[in-house]
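This is a predicted model, so every value here is computed, not measured.
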Amino acid sequence: MDPNRSPMDLNYADIKAAAERIAGRVRPVTIAPADPADGDAPRLWLALEFLQHTGSFKARGAQNFLLTHREAGSLPESGVTVASGGNAGLACAWAARSQHVPATVFLPATAPPVKIDKLRGYGADVRLVGEQYADALAACHAFAESSGALLSHAYDNPLIAAGAGTLLTEIHRQLPRLDTVVVAVGGGGLFAGIATAAAHYGVRVVAVEPRNCCALHAALAAGAPVDVAVDSVAADALGARRVTELALTAARAADSVSALVSDEEIIATRRALWAEHRLAVEHAAATAMAALTGGSYRPAPEERVCVVLCGANTDPSDLTS
């Protein structure tokens with residue numbers, strides 16, 4: 001993939017190429033069956049992507065982005081810069097370290113301390129700006145222009161989305177009869193990649209968002225990306241003001257369903273994942289599962305469903321309080 005291609009241009013061939021490019025550099029996803037009732041064959045699986053390097057799926061896109069620029073000779077010595085709610089910055093800093101280039105990461109001051117500490121552990125230059133992702137993004141753009149650093153993006157880039165889409169290729173390899181994949185949506189990078197791959201395999205995609213932080217849902221209703229309010233317990237990872245054109249295009253091309261969940265459902269689901277399965281995930285990961293536990297998406301009796309648990313960069317102390 002040309003690193004300078006249009007941000008709306010993504011296809012399955014790009015995801016296949018990304019899978020080959022990052023092979024051996026990321027952890028293959030583990031698929032675990034949820035508890036089957038009464039000894040029946042499982043119909044629900046959990047994709048444990050929170051076990052990925054850096055604690056989220058973002059490692060896939062970051063590796064694909066930097067490796068593609070390395071191959072193209074467009075990775076500068078001044079390194080890479082990205083604005084992030086936390087997870088994309090972690091992945092970018094981790095991938096940059098493997099390429100021996102510096103990473104400068106801009107975060108809103110509201111970013112969780114656990115993510116800030118991990119970023120500094122990866123050697124990133126961490127800069128806290130403003131209260132929302134958009135504030136950090138503006139500062140990141142200004143820094144890239146003044147320093148010559150390669151500007152990455154948390155989600156609005158076909159290389160990032162293609163890397164994220166490799167997750168669905170791994171899920172489908174293990175579950176070839178899968179009907180539906182359920183995934184949380186923020187700005188849309190993970191969704192765009194998964195939906196593009198899902199369209200290739202004939203798999204439905206359920207896009208789950210917090211009710212008060214729903215950029216894709218609003219875009220589908222309006223027919224174009226629009227600004228939305230950002231007010232959710234999962235906003236540190238899903239707090240984009242608007243979804244990408246790439247995600248909206250993928251949603252229209254795929255068999256996709258939009259589902260909304262409340263913060264109360266997200267919190268209860270996150271606690272249940274710990275209490276019942278001993279899985280400590282962040283609120284964004286619990287958002288996907290909350291569509292099933294809260295009932296905003298009800299699978300058919302024979303429907304085979306896989307829920308992506310996308311990240312675990314959280315402070316788990318409140319799970320036992």
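Put simply, CG on Asp14 and CG on Leu159 are 8.0 Å apart, with the number rounded to the nearest 0.5 Å. Rounding to the nearest 0.5 Å places OG1 of Thr287 at 3.5 Å from CD1 of Ile266. The structure places CD1 of Ile194 at 9.0 Å from SG of Cys310, a figure rounded to the nearest 0.5 Å. Between the CG atom in Leu246 and the CG atom in Asn157 there is a gap of 8.5 Å [rounded to 0.5 Å]. Atom CZ in Arg271 sits 5.5 Å away from atom CG in Asp318 (nearest 0.5 Å). Here the CG-OG1 distance, from Leu309 to Thr30, works out to 11.5 Å after rounding to the nearest 0.5 Å.
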Check the pair Glu303, Arg204 against side chain to side chain contact (heavy atoms under 4.5 Å, CB included), reporting the backbone distance first and the verdict last. CA-CA 10 Å; Glu303 189 173 347; Arg204 177 182 298 109; 3.3 Å; yes
Would Leu190 and Val183 count as a side chain to side chain contact (heavy atoms under 4.5 Å, CB included) if you check the C-alpha gap in whole Å, the side-chain angles of each, and the deciding distance to 0.1 Å? CA-CA 8 Å; Leu190 176 62; Val183 60; 3.3 Å; yes
Worked check of side chain to side chain contact (heavy atoms under 4.5 Å, CB included) between Val101 and Arg70: CA-CA 11 Å; Val101 296; Arg70 174 71 78 188; 4.0 Å; yes
Could you please spell out the steps behind the side chain to side chain contact (heavy atoms under 4.5 Å, CB included) verdict for Arg21 and Glu71? CA-CA 10 Å; Arg21 185 176 292 116; Glu71 293 168 5; 3.3 Å; yes
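With a 4.5 Å cut-off on side-chain heavy atoms, Val126 and Phe106 do not count as touching. Taking the side chain as every heavy atom from C-beta outward, Leu238 and Val185 never approach each other to under 4.5 Å. Taking 4.5 Å as the limit, every side-chain heavy atom of Glu145 sits out of range of all side-chain heavy atoms of Leu151. Between His153 and Cys140 the shortest side-chain heavy-atom distance does not fall below 4.5 Å. Between His217 and Leu260 there is a side-chain heavy-atom pair separated by less than 4.5 Å. Side-chain contact between Trp45 and Gln174 is absent, with no heavy-atom pair separated by less than 4.5 Å. Between Val181 and Val308, some side-chain heavy-atom pair lies under the 4.5 Å cut-off.
Remark: side-chain polar atoms of Glu209 are paired, donor with acceptor, to backbone N or O of Leu216 under 3.5 angstrom. A donor-acceptor contact shorter than 3.5 Å is absent between the side chain of His277 and the backbone of Leu279. At distances below 3.5 Å, not a single donor-acceptor pair connects side-chain atoms of Asp117 with backbone N or O atoms of Val114. Using modelled atom types, one side-chain atom of Thr81 and one backbone atom of Thr104 make a donor-acceptor pair closer than 3.5 Å. In this structure, Gln52 contributes its side chain and Val26 its backbone to no donor-acceptor pair below 3.5 Å. For the pair Thr110 (side chain) and Glu131 (backbone), a donor-acceptor distance under 3.5 Å is present. With hydrogens and angles disregarded, no donor-acceptor distance shorter than 3.5 Å links the side chain of Arg97 to the backbone of Ala103. With hydrogens and angles disregarded, a donor-acceptor distance shorter than 3.5 Å links the side chain of Ser78 to the backbone of Gly148. Ser147 places a side-chain N or O within 3.5 Å of a backbone atom of Ala149 that can act as its donor or acceptor partner. The backbone N or O of Gly311 lies less than 3.5 Å from no partner atom in the side chain of Ser56, so there is not a single donor-acceptor pair.
Salt bridge Glu282/Arg270: absent, no basic N to carboxylate O contact under 4.0 Å. Using a 4.0 Å cut-off between charged side-chain N and carboxylate O, Glu302 and Arg43 make a salt bridge. Residues Arg127 and Asp125 are paired through a salt bridge, judged by an N-O separation under 4.0 Å between the basic side chain and the carboxylate.
Taking the six-membered ring wherever Trp is involved, the centroid distance between the rings of Tyr201 and Tyr12 falls below 6.0 Å. Taking the centre of each ring, Phe143 and His141 stay at or above the 6.0 Å mark.
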Taking distance alone, no hydrogens or angles, what donor-acceptor pairs closer than 3.5 Å link side-chain atoms of residues 222-235 to residues at least two apart or in another chain?
from: Asp227; atom 1: OD1; to: Arg242; atom 2: NE; distance (Å): 2.9
from: Asp227; atom 1: OD1; to: Arg242; atom 2: NH2; distance (Å): 3.4
from: Ser232; atom 1: OG; to: Ala234; atom 2: N; distance (Å): 3.0
from: Ser232; atom 1: OG; to: Asp263; atom 2: OD1; distance (Å): 2.9

Show the atom names and distances, to 0.1 Å, of all donor-acceptor pairs under 3.5 Å that link a side chain in residues 160-170 to residues at least two apart or in another chain.
from: Thr166; atom 1: OG1; to: Arg60; atom 2: NH1; distance (Å): 3.0
from: Thr166; atom 1: OG1; to: Gly163; atom 2: O; distance (Å): 2.6
from: Thr169; atom 1: OG1; to: Thr166; atom 2: O; distance (Å): 2.6
from: Glu170; atom 1: OE1; to: Val29; atom 2: N; distance (Å): 2.8
from: Glu170; atom 1: OE1; to: Arg60; atom 2: NH2; distance (Å): 2.9
from: Glu170; atom 1: OE2; to: Arg60; atom 2: NH1; distance (Å): 2.9

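Under a hydrophobic clustering in which Ile, Leu, Val, Met, Phe, Trp and Tyr are joined whenever their side-chain heavy atoms come within less than 4.5 Å, directly or via other members, Ile267 and Met289 fall into the same cluster. The hydrophobic clustering, which links ILVMFWY residues whose side-chain heavy atoms are closer than 4.5 Å, places Val203 and Ile171 together. Hydrophobic clustering (ILVMFWY, side-chain heavy atoms < 4.5 Å, transitive): Leu44 and Val281 are in one cluster. Hydrophobic clustering (ILVMFWY, side-chain heavy atoms < 4.5 Å, transitive): Phe65 and Leu90 are in distinct clusters. A single hydrophobic cluster is seen to contain both Val305 and Val261, as judged by linkage of ILVMFWY side chains at heavy-atom distances under 4.5 Å, directly or through other members.
The closest side-chain donor-acceptor pair between Thr293 and Thr269 falls under 3.5 angstrom. Inspection of the Arg241 and Gln132 side chains reveals an N or O donor paired with an N or O acceptor under 3.5 Å.
Of all the heavy atoms in Ala32 and Leu48, the pair that sits closest is CB-CD1, 4.1 Å. Counting all heavy atoms, side chain and backbone alike, Ile31 lies closest to Cys306 at CD1-SG, 4.4 Å. Nearest heavy atoms, Ala259 versus Ser296: CB-OG, 3.8 Å. Between Ser258 and Leu220, the closest heavy-atom pair is CB-CD1, 4.1 Å. Minimum interatomic distance between Val80 and Ser152 (heavy atoms only, all atoms of both residues): CG2-CB, 3.9 Å. Of all the heavy atoms in Phe50 and Ala280, the pair that sits closest is CD1-O, 4.4 Å.
For the side-chain hydrogen bond (donor to acceptor under 3.5 Å, both in side chains) with Lys115, the lone residue among Asn313, Thr54, Asp236 that qualifies is Asp236.
In Arg298, the CZ atom is not crowded: 12 or fewer heavy atoms of neighbouring residues, nucleotides or ligands sit closer than 6.0 Å.
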